[in-house]
Amino acid sequence: MATLPNPLPKLTSDPTGAALGLQLPPGRLVDATDEGAWHEPLLWLGDGKAAPGDWAALAPARRSAGLLPVVVDGGGRHGGPQDWELAPDAVSYPGDHDADEVLADLWEEYAAGETQEEWPGLADATAGPDSGAGAGSGSGSAEDPDAVAMDIADDLVASGGLLEEPRLALVPARRSADIPAAIGWSGPVNHEGDTARLCAVLRSWEDRFGIRVVALGFDHLLVSVAFPPATLAEAEAVAAEHFAFCPDNILQSSDTSIRAYAENRLLNQPAWHFWWD
């Protein structure tokens, strides 16, 4: 996978990150993969449980060091990232894939038999042209995607529930959508073996809906959404993409149709959650 130079090795001798312009709390570098230690750290993981405000404190790392914050589950029955059997050697580069082609392939494999419909194509963007999340002329308001991500992260760590032991992490990645691929995350492996293909979809959602990757667990993902669909028609178009991206969201939930899922889980919702069996 094509990446920027990884600044994390500098934290080995400088754990506070002062040389990178950071003031990190106690934490450690994670390099554990399904094949043993990776040749360089994949992420920095905070030792303590995340609290509201921690995301904001780490946000400057994006500008000063090229490191992006994400909340990860550090406990529970699957353990933390060091126990997830990360597989960076199995991941390609998100920029090598086309989101429409990826979703069309997954729709044909997983969704077409359920809906009896052909792949409808990508939904229209809801992000406005001045949003910084990508071009479009939809109904979204001029929200700041990074500010929305910060609010969702604070709500997540304050409320608990979704993650058993939320911790803040920093990942060397070009953009938020690339975070799962950058660490070799294999949460969707039973659905898609190359996480970079799903990250290509996340990139497209960054451009069209202002999403940011906020949280990762062993097999689930939470993204913030700055420009969610504001009409049922928009939500249904996005729901088709979700069905291809993560069929379990519909097939293993009470929202047993694309329309119900769109109305209950997508319409004006500032966060999307995905879980793979």
Side-chain angles (χ1 to χ4, degrees), residues 1 30-35 38 42-43 45-46 49-50 68-92 94 97 102-103 105-107 109-111 114 149 152-153 156-157 159-169 171 173 176-203 205 211-225 239 241-256 261 265-266 269 271-277:
M1 172 176 169
V30 174
D31 63 1
T33 77
D34 61 342
E35 298 291 339
W38 194 239
L42 295 168
L43 68 149
L45 178 65
K49 185 176 180 180
L68 302 184
V70 64
V71 185
V72 301
D73 200 343
R77 64 189 182 94
H78 294 296
Q82 69 278 3
D83 306 306
W84 290 355
E85 298 185 348
L86 301 177
D89 56 341
V91 175
S92 60
H97 306 284
V102 169
L103 289 173
D105 289 346
L106 294 172
W107 178 275
E109 184 172 358
Y110 294 101
E114 299 289 336
I152 294 298
L156 173 66
V157 300
S159 63
L162 182 61
L163 303 181
E164 294 193 41
E165 190 179 326
R167 298 189 191 179
L168 260 292
V171 175
S176 178
D178 293 355
I179 287 174
I183 67 172
W185 185 60
S186 56
V189 67
N190 292 334
H191 175 59
E192 170 56 61
D194 183 358
T195 304
R197 281 167 49 85
L198 297 184
C199 287
V201 177
L202 293 175
R203 282 185 168 202
W205 288 349
I211 71 102
R212 296 290 187 267
V213 173
V214 170
L216 288 172
F218 173 74
D219 55 6
H220 59 107
L221 162 72
L222 179 75
V223 304
S224 60
V225 190
E241 297 189 29
H242 283 215
F243 200 162
F245 186 82
C246 181
D248 290 337
N249 265 26
I250 293 176
L251 298 180
Q252 298 197 37
S253 79
S254 58
D255 300 310
T256 56
Y261 177 84
R265 305 273 290 277
L266 301 185
Q269 294 300 308
W272 296 340
H273 180 247
F274 303 94
W275 168 78
W276 291 268
D277 192 0

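- The two residues W276 and G187 have their closest heavy-atom pair at CB-O, 3.9 Å.
- Applying the side-chain hydrogen bond (donor to acceptor under 3.5 Å, both in side chains) test to every pair with at least one member in residues 186-202, sequence neighbours left out, gives these pairs: S92-D194, E192-R197.
- Heavy-atom minimum distance, A173 versus A182: CB-CB, 4.2 Å.
- Sorted by first and then second residue, the side-chain hydrogen bond (donor to acceptor under 3.5 Å, both in side chains) pairs involving residues 72-88 (not counting sequence neighbours) are R28-Q82.
- Checked against the 6.0 Å centroid threshold, W107 and F245 do not count as a close aromatic pair.
- When all heavy atoms of S176 and L68 are compared, the pair lying nearest together is N-CD1, 3.4 Å.
- Here the CG atom belonging to L222 is positioned 9.0 Å from the CZ atom belonging to F274, to the nearest 0.5 angstrom.
- With values rounded to the nearest 0.5 angstrom, D219 atom CG is found 9.5 Å from C246 atom SG.
- Considering only residues two or more places apart in sequence or on other chains, W272 meets the ring-ring contact (aromatic ring centres under 6.0 Å, His included) condition with W205, F209, H242.
- L163 and A215 make their closest contact through CD1-CB, 4.1 Å (heavy atoms, listed as atom of the first residue, atom of the second, distance).
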*Would K49 and V157 count as a side chain to side chain contact (heavy atoms under 4.5 Å, CB included) if you check the C-alpha gap in whole Å, the side-chain angles of each, and the deciding distance to 0.1 Å?*
CA-CA 8 Å; K49 185 176 180 180; V157 300; over 6 Å; no

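- With values rounded to the nearest 0.5 angstrom, I183 atom CD1 is found 13.0 Å from D31 atom CG.
- Nearest heavy atom pair, residue H273 against residue N249, reads O-ND2, 2.8 Å.
- The distance from the CG atom of L43 to the CG atom of L86 is 7.5 Å, given to the nearest 0.5 Å.
- E165 is linked by a salt bridge (charged side-chain N to carboxylate O under 4.0 Å, His left out) to R167, counting only residues two or more places apart in sequence or in another chain.
- Among residues two or more places apart in sequence or in another chain, the side-chain contact (heavy atoms from CB on, under 4.5 Å) test is passed with A87 by D34, D89, A90.
- Closest non-hydrogen pair, V30 versus P81, comes out as CG1-C, 4.4 Å.
- To the nearest 0.5 angstrom, I152 atom CD1 is 12.0 Å from I211 atom CD1.
- Checking side-chain atoms of D277 against main-chain N and O of D248 turns up no donor-acceptor pair under 3.5 Å.
- At a threshold of 4.5 Å between non-hydrogen side-chain atoms, the residues V213 and C199 do not count as touching.
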_Candidate pair L221 and V223, rule side chain to side chain contact (heavy atoms under 4.5 Å, CB included), full reasoning_ = CA-CA 7 Å; L221 162 72; V223 304; 4.1 Å; yes

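- With sequence neighbours excluded, the residues satisfying side-chain contact (heavy atoms from CB on, under 4.5 Å) with I250 are F243, I258, Y261.
- Taken to the nearest 0.5 Å, the CH2 atom of W185 stands 15.0 Å off from the CG atom of L42.
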